[in-house]
Asks: 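What follows is a structure written as structure tokens; I'll ask about it next.
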Amino acid sequence: AQKVTQAQTEISVVEKEDVTLDCVYETRDTTYYLFWYKQPPSGELVFLIRRNSFDEQNEISGRYSWNFQKSTSSFNFTITASQVVDSAVYFCALNPNFGNEKLTFGTGTRLTIIP
Amino acid sequence: DTGVSQNPRHKITKRGQNVTFRCDPISEHNRLYWYRQTLGQGPEFLTYFQNEAQLEKSRLLSDRFSAERPKGSFSTLEIQRTEQGDSAMYLCASSLSRGNNFDGYTFGSGTRLTVV
């Protein structure tokens with residue numbers, strides 16, 4: 001069975017602080033994809049990143065960075081110098097094997113950036 | 001192409017009524033997915049199509065739910081005899097499937113259903 005756990009239900013930080021959102025996953029598959037999506041109040045899920053299980057290199061995109069560690073089955077997301085526009089619900093998701101495009105989502109972390 | 005479009009954005013219906021939602025995917029995408037999201041939860045998979053063929057249905061999709069994708073373009077999701085437990089956001093997504101290369105979905109803004 002596949003499972004994604006986002007233990008942090010809600011996080012609040014003051015603007016310009018750094019914040020890390022945790023994601024732990026479970027799968028028996030040796031090949032898989034991991035994703036992060038952002039859901040602002042408008043409701044639309046916005047794609048942030050895709051990482052396949054063969055690539056454990058960390059990735060940085062502007063103020064966003066992702067740390068993928070297969071040894072701990074974690075795929076954590078860090079926002080540096082947070083801004084009010086970062087306020088949203090963030091979802092981590094797992095696609096358990098290549099060719100099967102069904103996503104298993106975590107329950108999300110609601111991030112509030114306080115101005 | 002402006003992305004995945006869903007209509008209506010909001011629907012309020014009385015218990016027992018039938019409702020139908022529509023999703024227009026990105027035109028070149030061959031796969032279309034329906035997910036349901038309840039308050040405080042992540043989206044849960046309902047069903048997906050490759051072109052016009054419905055390839056998988058979740059156990060969440062009871063007999064009251066039916067989805068179609070005629071001609072492999074837009075899709076409709078119908079709920080018959082709605083129940084209060086059907087109240088949720090219904091999300092549609094599309095993707096271009098090319099063998100084992102999966103770039104991820106593009107989601108629509110969803111249809112929020114409230115059953116009173």
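A note on names: the letters A, B, ... follow the listed sequences, proteins ahead of strands, and every chain is numbered from 1.
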Asks: Go through A:Thr104, A:Val4, A:Leu45 and name the one with the most non-hydrogen pairs under 4.5 angstrom from chain B.
Replies: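 Max contact count across the listed options: A:Leu45.
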
Asks: Is it the backbone or the side chain of B:Gln6 that comes under 4.5 Å from a heavy atom of chain A, or both, or neither?
Replies: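 Contact with chain A is absent: no heavy atom of B:Gln6 under 4.5 Å.
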
Asks: Taking A:Ser53 for the side chain and A:Thr30 for the main chain, is one N or O donor matched with an acceptor at less than 3.5 Å?
Replies: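 Yes, because the side chain of A:Ser53 sits within donor-acceptor range (under 3.5 Å) of the backbone of A:Thr30.
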
Asks: Look only at the side chain of B:Ser62 and the backbone of B:Arg64, and say whether a donor-acceptor pair between them is shorter than 3.5 Å.
Replies: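 Confirmed, B:Ser62 side chain pairs with B:Arg64 backbone.
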
Asks: For the side chain of B:Asn18 and the backbone of B:Arg81, is there at least one donor-acceptor N/O pair under 3.5 Å apart?
Replies: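 Pair found, side chain donor or acceptor close to backbone of B:Arg81.
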
Asks: Tell me, side chain or backbone of B:Leu55 under 4.5 Å from chain A's heavy atoms, or both, or neither?
Replies: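 When you check distances to chain A, no heavy atom of B:Leu55 falls under 4.5 Å.
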
Asks: Check whether B:Arg112 gets within reach of chain A through its side chain, its backbone, both or neither, counting any heavy atom under 4.5 Å.
Replies: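 Answer is neither: B:Arg112 stays 4.5 Å or more from chain A.
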
Asks: Quick test of your reading of the model: are B:Glu56 and A:Lys102 salt-bridged, counting only N-O distances below 4.0 Å?
Replies: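 Yes, charged N to carboxylate O under 4.0 Å.
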
Asks: Would you find a donor on one side and an acceptor on the other, under 3.5 Å apart, between the side chain of A:Asp55 and the backbone of A:Gln57?
Replies: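 A pair under 3.5 Å: yes.
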
Asks: Which bit of A:Gln6 comes within less than 4.5 Å of chain B, counting heavy atoms only: side chain, backbone, both or neither?
Replies: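 For A:Gln6, there is no contact with chain B at all, as no heavy atom is under 4.5 Å.
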
